[in-house]
Undergrad: 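Structure below; questions to follow.
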Amino acid sequence: NPGNNDLNVVVAFGDSITQGSQCSCVPYPSRLAGLIGKTVYNTGIGGSDASDNVGRTQSVINSYHPAFMIILYGVNDVIQGRDTGDAVSALNQMVSICKANNVVPVLMTYPIPISGHALFAGGTIALNANIRSIADTQGIECVDLEAEFMNADGTVTDSALYESDGLHPNDAGTEVIAVSVA
């Protein structure tokens with residue numbers, strides 16, 4: 001039951017990976033729209049974190065009335081040295097807000113940071129385990145970008161999908177994200 005929400009509207013909610021601000025390529029929400037034939041609003045904000053964006057969840061829902069919200073948040077919490085529990089709590093609240101508004105939430109894990117951001121790999125792996133747990137507990141879908149960004153042998157993150165900073169996806173990476181979500 002979508003309530004007053006539009007079944008043809010999806011909101012991509014997240015940080016710079018959603019926004020696409022670090023790549024001169026097409027952000028994944030724009031690619032996703034072409035793959036699924038729905039309007040996908042990109043509400044990503046570069047540098048934003050889960051803990052500070054719980055309140056924005058309701059206002060985005062009120063603005064766009066989406067039937068679906070794709071949520072990619074938490075890596076900036078890790079980078080800023082915040083406790084993973086804060087991001088997990090924030091993600092749970094975002095999911096609850098979606099459900100209370102008849103919006104289907106979809107969580108995503110993060111690709112493991114490499115190169116210049118490799119020191120955040122451990123925190124991201126822990127965050128991703130928690131994101132999968134939230135999805136399982138809440139009975140919602142989780143797009144596992146950690147797995148999608150692995151090499152074919154499943155042992156090492158595929159560096160060909162990243163910008164040189166080792167955190168943001170490049171053109172090929174945003175395509176992988178869009179196809180995985182679709």
Undergrad: Under 3.5 Å, is there a donor-acceptor pair between the side chain of D77 and the main chain of S51?
TA: yes
Undergrad: Provide the closest heavy-atom pair for P105 versus V95 in the form atom of the first, atom of the second, distance.
TA: CG-CG1, 3.9 Å
Undergrad: For the hydrophobic clusters of this structure (ILVMFWY residues joined by side-chain heavy atoms under 4.5 Å, transitively), does one cluster hold both I125 and I79?
TA: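 No.
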Undergrad: Between the side chain of N5 and the main-chain N/O of N101, is any donor-acceptor distance below 3.5 Å?
TA: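 Confirmed, N5 side chain pairs with N101 backbone.
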Undergrad: So do Q138 and S96 actually touch side chain to side chain, heavy atoms under 4.5 Å?
TA: yes
Undergrad: Side-chain donor-acceptor contacts of residues 67-74 below 3.5 Å, not counting sequence neighbours, with atom names and distances?
TA:
| residue | atom | partner | partner atom | Å |
| --- | --- | --- | --- | --- |
| Y73 | OH | G14 | O | 3.1 |
| Y73 | OH | S48 | OG | 3.0 |
| Y73 | OH | N53 | OD1 | 3.4 |
| Y73 | OH | R56 | NH2 | 2.8 |

Undergrad: Judged by atom type as modelled, is there a donor-acceptor pair below 3.5 Å linking the side chain of K38 to the main-chain atoms of L7?
TA: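 Yes.
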Undergrad: Which heavy-atom pair separates G47 from N76 by the least distance, and what is that distance?
TA: C-ND2, 3.4 Å
Undergrad: Show, in sequence, the C-alpha distance, side-chain angles and deciding distance for N42 and T18, and conclude whether the side-chain contact (heavy atoms from CB on, under 4.5 Å) test is met.
TA: CA-CA 7 Å; N42 185 341; T18 298; 3.5 Å; yes
Undergrad: Measure the spacing between CD of E163 and SG of C25 and express it to the nearest 0.5 Å.
TA: 6.0 Å
Undergrad: For V9 and H65, what are the C-alpha separation, side-chain angles and deciding distance, and is it a side-chain contact (heavy atoms from CB on, under 4.5 Å)?
TA: CA-CA 7 Å; V9 174; H65 300 284; over 6 Å; no
Undergrad: Give, for atom CD1 of I17 and atom SG of C23, the distance between the pair rounded to the nearest 0.5 Å.
TA: 11.0 Å
Undergrad: Given the rule that I, L, V, M, F, W and Y join up when any side-chain heavy atoms are under 4.5 Å apart, are V11 and I140 in one cluster?
TA: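 Yes.
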Undergrad: Using modelled atom types only, decide if a donor and an acceptor are shared between the side chain of N170 and the backbone of Y162 within a distance under 3.5 Å.
TA: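 Checking the backbone N and O of Y162 against the side chain of N170, a donor-acceptor pair under 3.5 Å is found.
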Undergrad: Taking atom CG as the centre, does N62 end up with more than 12 heavy-atom neighbours from other residues, nucleotides or ligands that are less than 6.0 angstrom away?
TA: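 It does: N62 CG has more than 12 such atoms within range.
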Undergrad: Would you give the length of the straight line joining atom CD1 of I112 to atom CE of M150, rounded to the nearest 0.5 angstrom?
TA: 5.5 Å
Undergrad: Just to verify, which of E175, M108, E148 counts as forming a side-chain contact (heavy atoms from CB on, under 4.5 Å) with S180?
TA: E148
Undergrad: Just verifying a value: how many Å separate S16 OG and I45 CD1, rounded to the nearest 0.5 Å?
TA: 11.0 Å
Undergrad: Determine the minimum heavy-atom distance between I177 and P169, stating which atoms define it.
TA: CD1-CG, 3.9 Å
Undergrad: What do the steps show when you test V104 against C98 for side-chain contact (heavy atoms from CB on, under 4.5 Å), and what is the final call?
TA: CA-CA 6 Å; V104 176; C98 285; over 6 Å; no
Undergrad: Under a 4.5 Å cut-off applied to non-hydrogen side-chain atoms, are L107 and I134 in contact?
TA: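 Counting from C-beta outward, L107 and I134 do come under 4.5 Å.
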Undergrad: Could you walk me through whether F149 and Y110 pass the side-chain contact (heavy atoms from CB on, under 4.5 Å) test, one step at a time?
TA: CA-CA 9 Å; F149 273 59; Y110 279 91; over 6 Å; no
Undergrad: Give a yes or no on whether the backbone of V26 and the side-chain of S30 come within a donor-acceptor separation of less than 3.5 Å.
TA: no
Undergrad: Looking only at atom types and distance, does a side-chain atom of S63 sit under 3.5 Å from a main-chain N or O of S59, one as donor and one as acceptor?
TA: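 Checked: pair present.
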Undergrad: Report yes or no: does Q19 contribute a side-chain atom to a donor-acceptor pair with the main-chain N or O of G46 at less than 3.5 Å?
TA: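 Side chain of Q19 to backbone of G46: a pair is present.
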Undergrad: Taking R82 for the side chain and A87 for the main chain, is one N or O donor matched with an acceptor at less than 3.5 Å?
TA: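 The answer is no, because no donor-acceptor pair under 3.5 Å joins these two groups.
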Undergrad: Kindly indicate whether the side chain of D15, heavy atoms from C-beta on, has any atom under 4.5 Å from the side chain of D49.
TA: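 In short, these two side chains do not touch, never coming nearer than 4.5 Å.
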Undergrad: Side chains of D6 and P2: closer than 4.5 Å at any heavy-atom pair?
TA: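 No, every pair of side-chain atoms sits at 4.5 Å or beyond.
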Undergrad: Measuring from atom CD1 of I61 to atom OG1 of T43, what distance do you get when rounded to the nearest 0.5 angstrom?
TA: 10.0 Å
Undergrad: What about I97 and Y41, same hydrophobic cluster or not, with Ile/Leu/Val/Met/Phe/Trp/Tyr joined at side-chain heavy-atom distances under 4.5 Å?
TA: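 As far as the 4.5 Å side-chain criterion goes, Y41 and I97 are connected within one cluster.
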Undergrad: Looking only at heavy atoms, what is the nearest atom pair of S115 and G166, with distance?
TA: CB-CA, 4.1 Å
Undergrad: Say whether I114 and F120 are linked into one hydrophobic cluster, either directly or through other cluster members, by side-chain heavy-atom distances under 4.5 angstrom.
TA: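 Same cluster: I114 reaches F120 through Ile, Leu, Val, Met, Phe, Trp or Tyr contacts under 4.5 Å.
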Undergrad: Does I131 offer a backbone N or O that forms a donor-acceptor pair with the side chain of N128 under 3.5 Å?
TA: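 The answer is no, because no donor-acceptor pair under 3.5 Å joins these two groups.
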Undergrad: Evaluate whether atom CD of E141 has more than 12 neighbouring non-hydrogen atoms of other residues, nucleotides or ligands under 6.0 angstrom away.
TA: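 No, not enclosed.
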Undergrad: Rounded to the nearest 0.5 Å, what's the gap from CD on Q22 to NE2 on H168? Could you check?
TA: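 Taking CD in Q22 and NE2 in H168, the distance rounds to 4.5 Å.
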Undergrad: Report yes or no: do I36 and L145 belong to one cluster of Ile/Leu/Val/Met/Phe/Trp/Tyr joined by side chain heavy-atom distances under 4.5 Å?
TA: yes
Undergrad: Without swapping roles, check the side chain of D144 against the backbone of E146 for a donor-acceptor pair under 3.5 Å.
TA: yes
Undergrad: Any non-hydrogen side-chain atom of V143 less than 4.5 Å from a side-chain atom of T109?
TA: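 A side-chain contact under 4.5 Å is absent here.
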